[in-house]
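Chain identifiers are assigned alphabetically (A, B, ...) following the order of the sequence lines, protein sequences preceding nucleic acid strands; residue numbering begins at 1 within each chain. Quick caveat, the model's predicted, so the values are computed rather than measured.
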2 protein chains.
Amino acid sequence: MSKIKETSTNFANKQALADECPEVYAANIIGGQWSIVICSWLINGKLRFGELKKRLPNITERMLTLQLRKLEENKIISRTIYAEVPPKVEYELTKIGYELKPILKLLESWGEKHKALDGEKSAF
Amino acid sequence: MSKIKETSTNFANKQALADECPEVYAANIIGGQWSIVICSWLINGKLRFGELKKRLPNITERMLTLQLRKLEENKIISRTIYAEVPPKVEYELTKIGYELKPILKLLESWGEKHKALDGEKSAF
DNA sequence: GACATTACTTACATTTTTTATAGTACCCTA
DNA sequence: TAGGGTACTATAAAAAATGTAAGTAATGTC
C-alpha cells in the first residue's frame with residue numbers, strides 16, 4: 001500500500017497492462033490482500049469499521065484503513081461519517097461495487113472446484 | 001514471488017482467509033502481476049515461451065518464468081517440453097484453467113465499465 | 001571455431017505490500 | 001479524574017513481489 005513510485009518500471013508495467021487490458025485493470029482494483037473479503041462482506045449490506053474488523057479477525061486496523069481507502073478511491077465503496085461520539089463510520093458498496101457480485105460468485109465456485117481438485121497442496 | 005516464509009503473519013493470514021473463503025483462495029491463485037494476462041492469451045490456445053514473451057512486451061524472462069511456474073504448480077497450465085534443439089516448450093491451459101474463461105470475461109466487462117465511469121484517474 | 005537460437009537460471013537490487021506497535025481526539029460514565 | 005469506546009494516524013520494520021543483468025546448455029549454420 002502507501003504511495004507507489006511513479007517512475008518505477010513496475011508502475012509503468014502496471015499502467016501499460018491496465019490500459020490495454022480491462023481484466024488486468026479490474027484485477028488491480030480488487031486485488032489487495034483483503035479487498036475481496038471486504039467486498040464479500042459488504043455485498044450483504046453496509047457495515048461499520050468495527051464490524052468489518054470483527055469479521056476479519058487478523059487484520060490490523062492500519063491494513064483495514066488502507067484497504068478501505070483504496071476501495072473508496074476507486075469508488076467501489078462509499079464512506080459515511082456520522083457526527084457522533086464515539087465516532088461512527090459506515091461503509092457500503094457503490095453501484096459499481098455491487099456489480100462485482102457475479103464476479104465474486106464465480107470466483108467462489110471456481111475456487112471451490114479447484115480446491116476440491118487438489119486438496120493436498122496449498123495455494124501459494 | 002520466490003519462496004514464501006511459512007512462519008510469517010502474512011502467510012498465516014493468507015492461509016486462514018483462503019481456507020474459509022474460496023474467492024480469496026481463487027484470487028491468490030490467479031493474482032500475480034502477469035497471471036491474468038497470461039491466462040487471457042492462453043485462452044485462445046497454447047503458446048510457446050517465446051510467443052508469450054512477445055505478447056507481453058515488457059515482461060522479463062525471469063518474471064515470465066516465475067509466473068508460468070506458479071500457474072503450473074497450481075495446475076492452471078500445463079507445460080510440454082519437446083526434446084529439440086533449440087528447445088521448444090508449449091504452455092496450455094488445463095481443464096480448470098479454461099474454466100477461468102467466464103471469470104476473465106466478467107472481469108473484462110466490469111473493468112471496461114469501471115474505466116468508463118472514472119476516466120480521469122488511474123487505478124492505483 | 002565463432003555465432004545464433006531458445007528457454008531458461010542465478011545473484012542481486014529495488015519497489016511494493018503487509019505487519020507491529022503505539023499513539024490521537026472526542027465525549028460519556030463512574 | 002480515570003477509564004472506556006470508536007475510528008482512526010504515525011512510524012518503523014519485515015516480508016513479498018518485481019526488476020536488472022548476466023550467464024547456461026545443446027545443436028545447427030557460417
Side-chain angles (χ1 to χ4, degrees), chain A residues 1-17 24 27-28 30-38 46-54 56-70 72 79-91 123-124, chain B residues 1-17 24 27-28 30-38 46-54 56-72 77 79-91 123-124:
Chain A
M1 239 59 239
S2 75
K3 66 235 50 157
I4 189 168
K5 197 166 177 180
E6 306 205 353
T7 54
S8 69
T9 305
N10 185 252
F11 178 76
N13 282 342
K14 270 190 177 141
Q15 279 275 80
L17 279 177
V24 175
N28 283 336
I30 57 170
Q33 164 100 72
W34 303 90
S35 301
I36 288 188
V37 218
I38 292 172
K46 55 182 149 188
L47 289 172
R48 298 179 57 178
F49 184 89
E51 294 173 323
L52 275 169
K53 203 186 144 194
K54 258 177 241 149
L56 275 29
N58 301 111
I59 201 173
T60 60
E61 299 191 341
R62 174 174 147 78
M63 255 300 118
L64 183 50
T65 304
L66 284 175
Q67 300 279 342
L68 289 170
R69 288 289 179 284
K70 184 186 167 196
E72 194 192 355
R79 180 159 172 261
T80 312
I81 307 160
Y82 295 86
E84 300 174 4
V85 168
K88 174 176 171 184
V89 181
E90 280 183 343
Y91 293 94
F124 317 122
Chain B
M1 238 58 238
S2 75
K3 66 236 52 155
I4 188 166
K5 198 168 177 180
E6 306 205 353
T7 53
S8 70
T9 306
N10 186 252
F11 177 76
N13 281 342
K14 271 190 178 139
Q15 280 275 79
L17 278 177
V24 174
N28 282 336
I30 56 171
Q33 164 99 70
W34 303 90
S35 302
I36 287 188
V37 220
I38 292 173
K46 54 182 150 190
L47 289 173
R48 295 180 58 179
F49 185 88
E51 294 173 323
L52 274 170
K53 202 184 145 193
K54 259 177 242 148
L56 274 31
N58 301 110
I59 200 171
T60 60
E61 300 192 339
R62 173 177 144 78
M63 260 297 121
L64 184 50
T65 305
L66 285 174
Q67 301 278 341
L68 288 170
R69 288 289 179 284
K70 184 186 166 194
L71 289 170
E72 194 192 355
I77 61 176
R79 180 161 172 261
T80 312
I81 306 161
Y82 295 86
E84 299 173 5
V85 168
K88 173 177 173 187
V89 181
E90 281 183 343
Y91 293 94
F124 317 121

**OP:** Map B:Glu6 and B:Thr60 onto DNA chain D by nearest heavy atom, then report which one ends up closer to the 5' terminus.
**Re:** B:Glu6
Original post:
Mind checking what makes side chain to side chain donor-acceptor pair (under 3.5 Å) contact with B:Arg69, not counting sequence neighbours?
Top reply: none
Original post:
Taking only residues two or more places apart in sequence or in another chain, which ones pass salt bridge (charged side-chain N to carboxylate O under 4.0 Å, His left out) with A:Glu90?
Top reply: A:Lys46
**OP:** Round to a whole Å and report the spacing from CG of A:Leu66 to P of C:dA20.
**Re:** 14 Å
**OP:** Using a cut-off of strictly less than 4.0 Å, decide whether A:Lys14 has a side-chain nitrogen or oxygen near OP1 or OP2 of D:dA17.
**Re:** no
Original post:
Nearest-Å distance, CG (B:Leu68) to P (C:dT9)?
Top reply: 10 Å
Subject >> pair B:Lys5-B:Asn10: side-chain heavy atoms closer than 4.5 Å >> reply: no
Between N or O atoms, less than 3.5 Å apart, protein on one side and nucleotides 2-7 of chain D on the other: list the pairs.
from  : atom 1 : to      : atom 2 : distance (Å)
D:dT6 : O3'    : A:Arg48 : NH2    : 3.1
D:dT6 : O3'    : A:Pro87 : O      : 2.9
D:dA7 : OP1    : A:Arg48 : NE     : 2.9
D:dA7 : OP1    : A:Arg48 : NH2    : 2.9
D:dA7 : OP2    : A:Gly50 : N      : 2.9

Subject >> Any residue meeting side chain to side chain donor-acceptor pair (under 3.5 Å) with A:Asn13, in chain and number order, not counting sequence neighbours >> reply: none
**OP:** Side-chain contact test, heavy atoms from C-beta onward, threshold under 4.5 Å: evaluate it for A:Leu68 versus A:Leu52 and give yes or no.
**Re:** yes
**OP:** For B:Trp34 and for A:Ile81, find the nucleotide of DNA chain D with the closest heavy atom, then tell me which residue's nucleotide is more 5'.
**Re:** A:Ile81
Original post:
Between atom CE in B:Met63 and atom P in C:dA7, what is the gap in whole Å?
Top reply: 19 Å
Subject >> Side-chain N,O (B:Gln67) to OP1/OP2 (D:dT18) below 4.0 Å >> reply: yes
Subject >> pair B:Leu71-B:Ser35: side-chain heavy atoms closer than 4.5 Å >> reply: yes
Original post:
Does the side chain of B:Trp34 come within less than 4.5 Å of B:Met63's, by heavy atoms?
Top reply: yes
N/O contacts under 3.5 Å, protein versus nucleotides 11-15 of chain C?
from   : atom 1 : to     : atom 2 : distance (Å)
C:dT15 : OP1    : A:Lys5 : NZ     : 2.7
C:dT15 : OP2    : A:Lys5 : NZ     : 3.3

Original post:
Starting at CD1 of B:Ile59 and ending at C1' of D:dT20, how long is that distance when rounded to a whole Å?
Top reply: 14 Å
Subject >> Spacing between A:Glu84 atom CD and C:dC28 atom P, to the nearest angstrom >> reply: 12 Å
**OP:** Supply the atom-to-atom distance B:Leu64 CG to B:Ile38 CD1, rounded to the nearest 0.5 angstrom.
**Re:** 5.5 Å
**OP:** Return the set of residues passing salt bridge (charged side-chain N to carboxylate O under 4.0 Å, His left out) with A:Lys53 (not counting sequence neighbours), or none when no residue passes.
**Re:** A:Glu61
Subject >> Interatomic distance, A:Ile38 CD1 vs C:dT18 C1' [rounded to whole Å] >> reply: 13 Å
Subject >> Whole-Å distance separating the NZ atom of B:Lys54 from the C1' atom of C:dT6 >> reply: 11 Å
Original post:
Could you state the CD-C1' distance from A:Gln33 to D:dA14, rounded to the nearest angstrom?
Top reply: 14 Å
